[in-house]
2 protein chains.
Amino acid sequence: MTTEGQGLHTHVLDTLGLAITAGAYPQGSVLRTDEVAQRFDVSRTVVREVVRVLESMHLVESRRRVGVTVRPTEEWNVYDPRVIRWRLAGADRPRQLRSLTVLRSAIEPVAAGLAAHHATPEQCAELTECALGMVATSRGHQLEGYLEHDIAFHRVVLNASGNEMFARLGDVVAEVLAGRTHHRVMFDDPDPAAVTLHVQVAEAVREGDAVRAEEITRQIAVGALAELDVLAP
Amino acid sequence: MTTEGQGLHTHVLDTLGLAITAGAYPQGSVLRTDEVAQRFDVSRTVVREVVRVLESMHLVESRRRVGVTVRPTEEWNVYDPRVIRWRLAGADRPRQLRSLTVLRSAIEPVAAGLAAHHATPEQCAELTECALGMVATSRGHQLEGYLEHDIAFHRVVLNASGNEMFARLGDVVAEVLAGRTHHRVMFDDPDPAAVTLHVQVAEAVREGDAVRAEEITRQIAVGALAELDVLAP
DNA sequence: CGGGCACTAAAAGTATGACGTTTATGTCTC
DNA sequence: GAGACATAAACGTCATACTTTTAGTGCCCG
């Protein structure tokens, strides 16, 4: 997860981004371009480009005669997918998972309601397929397969909502679901009630019942939040 | 709004970003680093840094031997504040305003509900103050003053929710509200009903009534959506 | 003693030229 | 016609020199 290895730039960016979001450099710390270049054994050119990207994420601020200073957490672009990945990989992963789950619980019910109106026949079919896949993998320690269908399901809902901002949250949801699965005790199968709810959402969307789709999705969200309380009290 | 004038980098970035998000370069278009450098009369260094930032926003993709290609809209990082600004300044501003308003309508009610639990006394006071300010400026063509208090109000709610992801949406909400105000006929005062609702939200939050805070905020959202339908049918 | 002004130097910003690396594309052969 | 090979185009990286901004210092004057 750290390097991604496709170029010096990416490596330095990932390493620095991970370190900063992990809190290795507290707010106000300064990095000097030359130092960083030396430390990673790359040219200043590369470091500058990295700094520019970190700057665009509001993780740091570069000022003349002072260096690259780390900005306070409240100013970070926490919706940047890379920032999310870094933070989920870091120390305050539980905190992060919680705030993202709350975000989901606000978005997804509304998205499901919209999907009931806007979903194409193809999307309805996909949705049903995903739900069936979830049912099929919900027993017998097939968590990975279940996760895959779960992610696909929520992605389709978000896309079918017809709202661009919702659709682009698909990656975030994927991260959250993956994070949750991989941090759960690997023995217990998914909650059967949740599986049923997903099937019902697929139904409601297919039938164009927005109110029901929203309501049931809200129940799923409540369940996710409750589960979070159990895992991270 | 275009230049911001603090450095070549910023100027080129803003110009290119604006052009790309405005659709001046359709998906798949290629930019050549050298060409851009020549066009803006800057060094390749600057252009490369700009490209890296655009790349980090998933607006473009840079590949060897082919150039900098514009990515399809669905892949933009639409939560990046700069992307939002650019798109709000561009042609499909109405579309953009709508999708952002839908986002608001999903987030803010939940945020208000959380705020009822988490708001500090200071935040409650601020909220009341904002609501009073809205009342005071709601009549007599003081739209600018009203806007200011409106923005402050929603910002406080989002911050008081205690959820980081919600809090960071303050800027987006500010943009949306500003955009709405500045595109409304300047003669008509704000809807008195909306003003009342804001006051009631402040009350509910102060009293810790989460359900009511959420419900009333949802009414505000409904109103905003309805208003949007009138302006952009 | 204090405040303001000029100077300095540190660090980022910019420009340029050279070279490395990947890869789309055309060509050549079988 | 298919596959191997060569080529060149564009980005990727590096090194270096120069410019610009600005924090910090210290001097001078009131």
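Chain naming here is simple, since letters A, B, ... match the order of the sequence lines and numbering starts at 1 in each.
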Pair B/E144-B/H182, side-chain donor/acceptor within less than 3.5 Å = yes
So B/Y79 and A/Y79, would you call those rings parallel, tilted or perpendicular, with 30° and 60° as cut-offs? parallel
Separation of D/dA10 atom P from B/E61 atom CD, nearest Å, is 17 Å
In 5'-to-3' order, the base (B), backbone-only (S) or no-contact (-) status of each nucleotide in nucleotides 10-15 of chain C, using a 4.0 angstrom heavy-atom cut-off, is BSBBBB
_Between A/D80 and A/R87, does any side-chain N to carboxylate O distance fall below 4.0 Å?_
no
- Is the shortest distance from a Lys or Arg side-chain nitrogen in B/R155 or B/D171 to a carboxylate oxygen in the other one below 4.0 Å? yes
Under 3.5 Å, N/O pairs linking protein and nucleotides 4-7 of chain C:
none

When rounded to whole Å, the CZ to C1' distance for the pair A/F40 and D/dC14 reads 18 Å
Rounded to the nearest 0.5 Å, the CD atom of B/E148 sits from the OG1 atom of B/T181 at a distance of 11.5 Å
Between the side chains of B/H154 and B/H149, does any donor sit under 3.5 Å from an acceptor?
-> no
Do A/R180 and A/E227 sit within salt-bridge range, that is, some charged N less than 4.0 Å from a carboxylate O? yes
All heavy atoms of B/N159 vs all of B/A167, minimum pair found to be OD1-CB, 3.4 Å
